[in-house]
Amino acid sequence: MRLKQIFGDVEVKKAISLGGVCMISYLACYFARNILSAATPQMLEDGVFTLEIIGVMSTACMIAYAIGQLINGVIGDKVPTKYMVSGGLLLSGVCNAALPLLPSAVGATVAYAMSGFFLSMLFAPITKVVSENTIPRYATRCCLGFTFASIFGTPLAGVAAVLFDWDVAFIVCSIILAVMGGGCFLFFTFCERKGWIVYRKQAPGEKKRIDVKLLVRRGIIRFALIAVLTGIVRTSVVFWIPTYLAQHLGYSAVDAAAIFSGITLIKSLSPYVNNLAIYEMVMKRRMTPTLLFMFGASTVCFMLMYFVTVPLLNIIILTLALFTSAGAATMLFSIYCPSLRDTGNVSSATGFLDFMSYIAAAVANLLFTDAISSIGWGPLILIWAGLMAVGFIISLPFGRRTSPAADAEAR
């Protein structure tokens with residue numbers, strides 16, 4: 001009876017429905033965003049593109065995605081979510097279908113970059129629609145689902161790279177995006193008619209603006225720096241993991257794709273372990289100690305990777321490094337961003353933070369591409385450890401008793 005009452009609650013139904021569909025749409029987004037990474041070893045083996053060209057393609061996508069987050073984050077505060085999400089998925093599907101058919105590296109790069117821009121139409125608007133239409137504790141759980149989807153999309157891309165040739169994998173990806181785009185439009189329309197999604201209306205004469213001073217008081221500068229560091233790891237470092245497994249640890253392209261899928265499958269559990277177990281149960285919902293633990297543990301793990309040469313042990317340590325780094329990102333996008341619902345700028349702020357995350361990842365990706373050839377994987381691993389050490393320093397309280405996000409949640 002108790003279970004029936006819970007699921008009979010309209011707020012529970014709304015959170016499960018909204019959160020579930022938004023999570024699946026974001027899963028499709030990250031499946032698309034990781035296809036190139038998973039297929040890279042195969043493309044290199046087949047001589048389709050060189051390592052440098054693939055590096056340029058991934059960087060162009062990251063830059064387009066970052067710029068798109070900034071633009072579409074602001075638009076997402078003004079335009080209904082159904083148009084943003086369905087349009088982004090459908091248009092990205094077209095780009096993915098075109099990529100393997102284009103005859104030149106330039107054309108493929110443009111198509112992949114445009115795919116990244118269209119996929120940037122999802123995250124900020126779905127964070128906004130969930131934050132503003134579900135009660136706070138459910139909104140946090142829904143955003144955990146988005147983080148899970150962003151990680152779980154990676155092993156799905158790895159599976160596609162194992163099952164299909166690289167060009168077929170892109171076609172399969174485009175079909176999934178198109179189907180999801182149409183489905184999301186129908187679902188959001190249904191939610192609007194049912195009254196589950198209500199968009200805030202501006203009062204006559206009111207101008208929609210971003211309250212920068214309020215966001216600064218709420219700690220957005222500190223969290224922008226955290227977005228930069230976690231973005232480099234969760235995007236640029238993760239992108240090169242299949243190549244790292246093939247070149248540095250000596251695995252074949254197929255084995256590297258399979259191992260990559262395994263690593264990211266385990267990593268997909270990190271939002272729930274890091275949030276529900278560590279943040280809520282161990283750290284008692286204290287943001288700063290959680291961030292310090294995550295960045296500190298990730299620093300140690302990346303350092304150990306430099307010294308451990310046994311492939312299996314190296315992979316285990318790598319997985320732990322990515323798992324804990326993802327915990328810091330979870331604090332940012334699952335706790336901090338939803339806490340800004342009272343500012344009326346959830347989409348804009350989330351878009352800005354994701355912009356910072358991906359523009360940093362794009363710059364890092366260019367540097368990592370050169371570093372692989374010039375200094376090798378060993379020193380590059382130490383650089384990864386150094387980035388996490390900087391995150392640890394940024395997370396130090398410096399006189400703050402509580403984090404801005406924790407204060408915001410308490411209100």
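Values below: all heavy atoms of this structure, side chains included; hydrogens, waters and symmetry mates excluded.
No donor-acceptor pair closer than 3.5 Å links the side chain of S325 to the backbone N or O of A321. Listed for the Y138 side chain is no donor-acceptor partner under 3.5 Å among the backbone atoms of N133. Checked by atom type and distance alone, the side chain of D167 never pairs as donor or acceptor with a backbone atom of P100 at under 3.5 Å. Of the possible donor and acceptor atoms, one in the side chain of N274 sits under 3.5 Å from a partner among the backbone N and O of F323. Judged purely by atom type and a 3.5 angstrom limit, T264 uses its side chain to pair as donor or acceptor with the backbone of S261. Formation of a donor-acceptor pair under 3.5 Å by the T189 side chain with backbone atoms of F185 is found in this model. Although no hydrogens or angles enter the test, the distance criterion places no donor-acceptor pair under 3.5 Å between the side chain of S131 and the main chain of K128.
At a threshold of 4.5 Å between non-hydrogen side-chain atoms, the residues P311 and Y251 count as touching. Residues F117 and N72 are in side-chain contact: their nearest non-hydrogen atoms beyond the backbone lie under 4.5 Å apart. Within the 4.5 Å cutoff, no side-chain heavy atoms of N275 are placed close to those of P271. Counting only heavy atoms from C-beta outward, the side chains of F164 and I35 never approach each other to under 4.5 Å. Within the 4.5 Å cutoff, the side chain of R222 has heavy atoms near those of the L291 side chain. Looking at heavy atoms from C-beta onward, V85 lies out of side-chain contact with M121 at the 4.5 angstrom threshold. Residues S115 and L99 are not in side-chain contact: their nearest non-hydrogen atoms beyond the backbone lie 4.5 Å or more apart. At a threshold of 4.5 Å between non-hydrogen side-chain atoms, the residues S37 and F260 count as touching.
Atom CD1 in I226 sits 12.0 Å away from atom CD1 in I220 (nearest 0.5 Å). Atom OG of S357 is separated from atom CZ of F352 by 11.5 Å, given to the nearest 0.5 angstrom. Atoms CD and OG1, on E132 and T81 in that order, are 8.5 Å from each other to the nearest 0.5 Å. In this structure, CG in L249 is found 11.5 Å from OG1 in T243, a value given to the nearest 0.5 Å. Considering CH2 of W166 and CG of L36, their distance stands at 9.5 Å, rounded to 0.5 Å. Rounding to the nearest 0.5 Å gives a distance of 15.0 Å between OH of Y65 and CE of M114.
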TODO: Kindly determine whether S17 and F187 satisfy side chain to side chain contact (heavy atoms under 4.5 Å, CB included), including the steps that lead there.
DONE: CA-CA 9 Å; S17 301; F187 173 77; 3.9 Å; yes
TODO: Report the C-alpha separation of R33 and T235 in whole Å, then their side-chain angles, then the decisive distance to 0.1 Å, and conclude whether the side-chain hydrogen bond (donor to acceptor under 3.5 Å, both in side chains) test is met.
DONE: CA-CA 10 Å; R33 292 211 53 243; T235 304; 4.9 Å; no
TODO: Take M303 and L382 through the test side chain to side chain contact (heavy atoms under 4.5 Å, CB included) and record every step on the way to the result.
DONE: CA-CA 6 Å; M303 288 290 293; L382 294 180; 3.9 Å; yes
Open item on the list: Assess the residue pair Y26 and C29 against the criterion (side chain to side chain contact (heavy atoms under 4.5 Å, CB included)); give the C-alpha distance rounded to whole Å, side-chain angles, the decisive distance to 0.1 Å, and a yes or no.
Closed with: CA-CA 5 Å; Y26 204 48; C29 168; 4.2 Å; yes
Open item on the list: Does F49 form a side chain to side chain contact (heavy atoms under 4.5 Å, CB included) with V56? I'd like the steps, not just the answer.
Closed with: CA-CA 11 Å; F49 295 122; V56 170; over 6 Å; no
Open item on the list: If you apply the rule side-chain hydrogen bond (donor to acceptor under 3.5 Å, both in side chains), what do you find for D255 with S252, and how did you get there?
Closed with: CA-CA 5 Å; D255 288 342; S252 68; 3.2 Å; yes
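When all heavy atoms are compared, the tightest approach of G378 to Y306 is O-CD1, 3.3 Å. Scanning all heavy atoms of the two residues, the minimum distance from M281 to L276 falls at CG-O, 3.2 Å. Smallest separation of non-hydrogen atoms from F368 and S236: CD1-OG, 3.2 Å. Residue C22 comes nearest to F188 through the heavy atom pair SG-CZ, 3.8 Å, listed as atom of the first residue, atom of the second, then distance. Between A113 and A60, the closest heavy-atom pair is CB-O, 3.8 Å. Considering every non-hydrogen atom in both A371 and L380, the closest pair reads CB-CD1, 4.0 Å.
Under the side chain to side chain donor-acceptor pair (under 3.5 Å) criterion, E52 pairs with no residue at all, not counting sequence neighbours.
Between the side chains of N365 and S58, at least one donor N or O sits under 3.5 Å from an acceptor N or O.
Looking at I317, L387, V233 one by one, the single match for side chain to side chain contact (heavy atoms under 4.5 Å, CB included) with F302 turns out to be V233.
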If you look only at distance, which donor and acceptor atoms sit under 3.5 Å apart when one is on a side chain in residues 169-184 and the other is two or more places apart or in another chain?
residue	atom	partner	partner atom	Å
S174	OG	I171	O	2.6

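A distance below 6.0 Å separates the ring centres of F123 and F333.
Within 6.0 Å of the OH atom in Y272, the count of heavy atoms belonging to other residues, nucleotides or ligands exceeds 12. The neighbour count for I221 CD1, taken as heavy atoms of other residues, nucleotides or ligands under 6.0 Å away, does not exceed 12. Remark: M23 CE is packed, more than 12 non-hydrogen atoms of other residues, nucleotides or ligands lying under 6.0 Å away.
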